[in-house]
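First comes the structure, then the notes that go with it.
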Amino acid sequence: MTTSNPDIQPAVQHRVQVAIAGAGPVGLMLANYLGQMGIDVLVVEKLDKLIDYPRAIGIDDEALRTMQSVGLVDKVLPHTTPWHAMRFLTPKGRCFADIQPMTDEFGWSRRNAFIQPQVDEVMYQGLSRFPNVRCLFSRELEAFNQNSDTVTINLKGPDGERETVQADWLVACDGGASVIRRTLNVPFEGKTAPNQWIVIDIANDPLATPHIYLCCDPVRPYVSAALPHGVRRFEFMVMPGETEAQLSEPDNMRRLLSQVLPDPDNVELIRQRVYTHNARIAERFRIDRVLLAGDAAHIMPVWQGQGYNSGMRDAFNLAWKLAMVVKGKAGDSLLDTYQQERRDHAKAMIDLSVTAGNVLAPAKRWHGTVRDGLSWLLNYIPPVKRYFLEMRFKPMPQYREGALLMNGTAKRSPVGKMFIQPKVTRENGEVVLLDDVIGAKFAVIAWGCNPLWGMSESQIAQWRALGTCFIQVVPDVQIRTPQDNVDGVIRLGDTQNRLKTWFADEDASIAVVRPDRFVAALAIPQTLSKTLNQLADVMALTSAASDLNVEKVA
Ligand SMILES: Cc1cc2nc3c(=O)[nH]c(=O)nc-3n(C[C@H](O)[C@H](O)[C@H](O)COP(=O)(O)OP(=O)(O)OC[C@H]3O[C@@H](n4cnc5c(N)ncnc54)[C@H](O)[C@@H]3O)c2cc1C
Ligand SMILES: NC(=O)c1ccc[n+]([C@@H]2O[C@H](COP(=O)([O-])OP(=O)(O)OC[C@H]3O[C@@H](n4cnc5c(N)ncnc54)[C@H](O)[C@@H]3O)[C@@H](O)[C@H]2O)c1
Ligand SMILES: O=C(O)/C=C/c1cccc(O)c1O
């Protein structure tokens, strides 16, 4: 661990509850969530502005749900193309995997194209809603040290001047090359791919056909992706011996683009750059008062668009836990569940992304021949086809240990999985998405019954103090007629009949849902009280739980 230089006497000293290194999407999301919870946050970014070149191009339904949780989804959606299919083509142009899930169990389109800097900007602008959040550019985190009470951070300012930050917690959102991860000597296990890729972004899309195509050309595999705002992305594999400088020469660019466009000279280039793909994961995500998130914790090839989305999952998982610990509502052991829950799933996404890369560009040519033959056969087996179409190969996060109470066998249980987000009808007839009723809170969602029945007054007070929302879901036809109403319980109509179906499938009637929308426990009215007590133990809730104070978002 580094020690700060005692000779440096910084002119500016900041004191905050949470310091975030890096104003990439993960740092910005975390800052928005913590800002909304009333936490004092300082984001430090070494560059003088947000990164503005194109990077990630796929945002999934879980990430949109995360944007919704910080009140920004309406500003993000205009920068997306929903229901975006990803199609793998054989060398002869036959589509052998059409990945196009058309379900919306979490409330949003499963696959969406987007342009990362535009959505990063939305998140940055979102911070202006919170006087308790500051974002300082041209501040590079150079060194830090921590003790049992605090983290001391040394920053270098725009003219080389020094500043210090005293923070209760430091979150490293400083990207793949994270200086924080390296300083802490946390191993970054995995592989770096042997091949590079050249990414070319073009304005005024000269092709303009929808969706993303991954073309398994054995001579030079490539990707062609339609993006919002008339942008086209091409990615070509760089062959052994080729260099970035060579490939960027006009003649070579023309040769590359002639593989995909009839008139390769008539293009409006935004940017081209050569990249290496890494598949690496940090051995630990928590080192005492320092937490690693996003690319600082895991990096992966782009083929499933999961680098960005995995970072969003980290932010959603960590933010509510950090807020509870900072506010003294939970002991800091709650933060151990962040690594417990997130690391395995991030690893599964890395493995999936590597596999997709091997399908697109197999290491040996004969692997490609086998792939094309097998895929031709499998395409005729409907369950296999459905498996691809519905994206069932993408492992949905299921936490087996952590801030939850697993009952029954983990494989079958919905505990540790994200709760569905259907439309619901309020008593005034308004139809909204479920999370918009809950807000940034825990929810106890009961089918038909009164969730408070069986809970003691003190237990109700304890969970209310955490900001828990108690919900009674009824068949939609019952919602407009006041009946069986209970004080302090929100009644909702099951607009799409999805909640009834969910509870019937799970053989339960009450779900305890965490602020990140993961199911923490299942119960029936007779077991809820005991279940909530056990959950309070697992989550290290303190007895001093008082209102979590969700600040009103302007
Ligand atoms: C060049 C590039 C292209 C990519 N292209 C794709 C793609 O095509 N498809 C895809 O799915 N994913 C892509 N990714 C991955 C995706 O962009 C990342 O997964 C995502 O940006 C991770 O977000 P993050 O917030 O964790 O880190 P980043 O977005 O990397 O943000 C980290 C931030 O921390 C700042 N920082 C670093 N060190 C310090 C320090 N010491 N002090 C202060 N600030 C610091 C950096 O300047 C940066 O702004 C790409 C990544 C990169 C780097
Ligand atoms: N569109 C694209 O094709 C594209 C473009 C850029 C990045 N990406 C993805 O995003 C990820 C992050 O991008 P980046 O530019 O920050 O990555 P990068 O190439 O700078 O590598 C990130 C970090 O990985 C670690 N690393 C690399 N080799 C290592 C080794 N041998 N041992 C231990 N650690 C090692 C280092 O900490 C390095 O700084 C990339 O790895 C890639 O998967 C994709
Ligand atoms: O969003 C996806 O699922 C795919 C993303 C993708 C595919 C190919 C190349 C990339 O750079 C991607 O981000």
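As the structure lists them, so they are numbered: ligands from 1, and atoms in each ligand from 1. Note that these values count all heavy atoms, side chains included, but never hydrogens, waters or copies made by symmetry.
Close N/O approach between His277 and ligand 2 is found [any backbone or side-chain N/O within under 3.5 Å]. At least one N or O atom of Arg181, backbone or side chain, sits closer than 3.5 Å to an N or O atom of ligand 2. The N/O atoms of Met300, backbone and side chain alike, include one that comes under 3.5 Å of an N/O atom in ligand 2. Residue contacts with ligand 1: Tyr53 is placed with no nitrogen or oxygen under 3.5 Å of a nitrogen or oxygen of the ligand (distance criterion only). Between Asp295 and ligand 2, no N or O atom pair is found at a separation short of 3.5 Å.
By the 4.0 Å N-to-carboxylate-O rule, Arg139 lies too far from Glu45 to be salt-bridged with it.
Atom 13 (O) of ligand 3 has its closest protein heavy atom at Ile57 CG1, 3.1 Å. Scanning all protein heavy atoms for the shortest distance to atom 1 (N) of ligand 2 gives Val199 CG2, 3.5 Å. Of the protein's heavy atoms, Arg111 NH1, 2.6 Å lies nearest to atom 3 (O) of ligand 3. Nearest protein heavy-atom neighbour of atom 10 (C) of ligand 3: Glu235 OE2, 3.3 Å. In terms of protein heavy-atom proximity, atom 1 (O) of ligand 3 is nearest to Gly58 CA, 3.4 Å. For atom 12 (C) of ligand 3, the nearest protein heavy atom (residue, atom name, distance) is Val302 O, 3.4 Å.
Between Met253 and the choices Ile200, Leu247, Val267, the side chain to side chain contact (heavy atoms under 4.5 Å, CB included) rule is met once, by Ile200.
Scanning Ile299, Thr276, Val302 for the heavy atom closest to atom 42 (C) of ligand 2 points to Thr276.
Residues Asn154 and Glu142 bring no donor and acceptor atom of their side chains to less than 3.5 Å of each other.
In this structure, atom 37 (O) of ligand 2 is in close contact with the protein, since a protein heavy atom lies within 4.0 Å of it. At least one protein heavy atom sits closer than 4.0 Å to atom 21 (O) of ligand 2.
Both tests do not hold together for Arg517 against Phe419: distance to the six-membered ring centre under 6.0 Å, angle to the ring axis within 45°. In this structure, Arg342 is not positioned above the aromatic face of Phe285 in the sense of NZ or CZ being under 6.0 Å from the six-membered ring centre and within 45° of the axis.
Remark: distances from the non-hydrogen atoms of Arg233 to ligand 3 include one below 4.0 Å.
Separation of the Trp83 and Trp108 ring centroids does not fall under the 6.0 Å cut-off.
With a heavy-atom cut-off of 4.0 Å, Tyr275 touches ligand 2 through its side chain alone.
Taking every non-hydrogen atom of Glu235 and a distance limit under 4.0 Å, the qualifying atoms of ligand 2 come out as 1 (N), 3 (O). Residue Arg182 approaches ligand 2 through these ligand atoms, each under 4.0 Å from one of its heavy atoms: 36 (C), 37 (O), 38 (C), 39 (O).
A heavy-atom distance below 4.5 Å is not found between the side chains of Leu34 and Met29.
Of all heavy-atom pairs spanning Pro25 and Arg55, the tightest one is CD-NH2, 4.1 Å.
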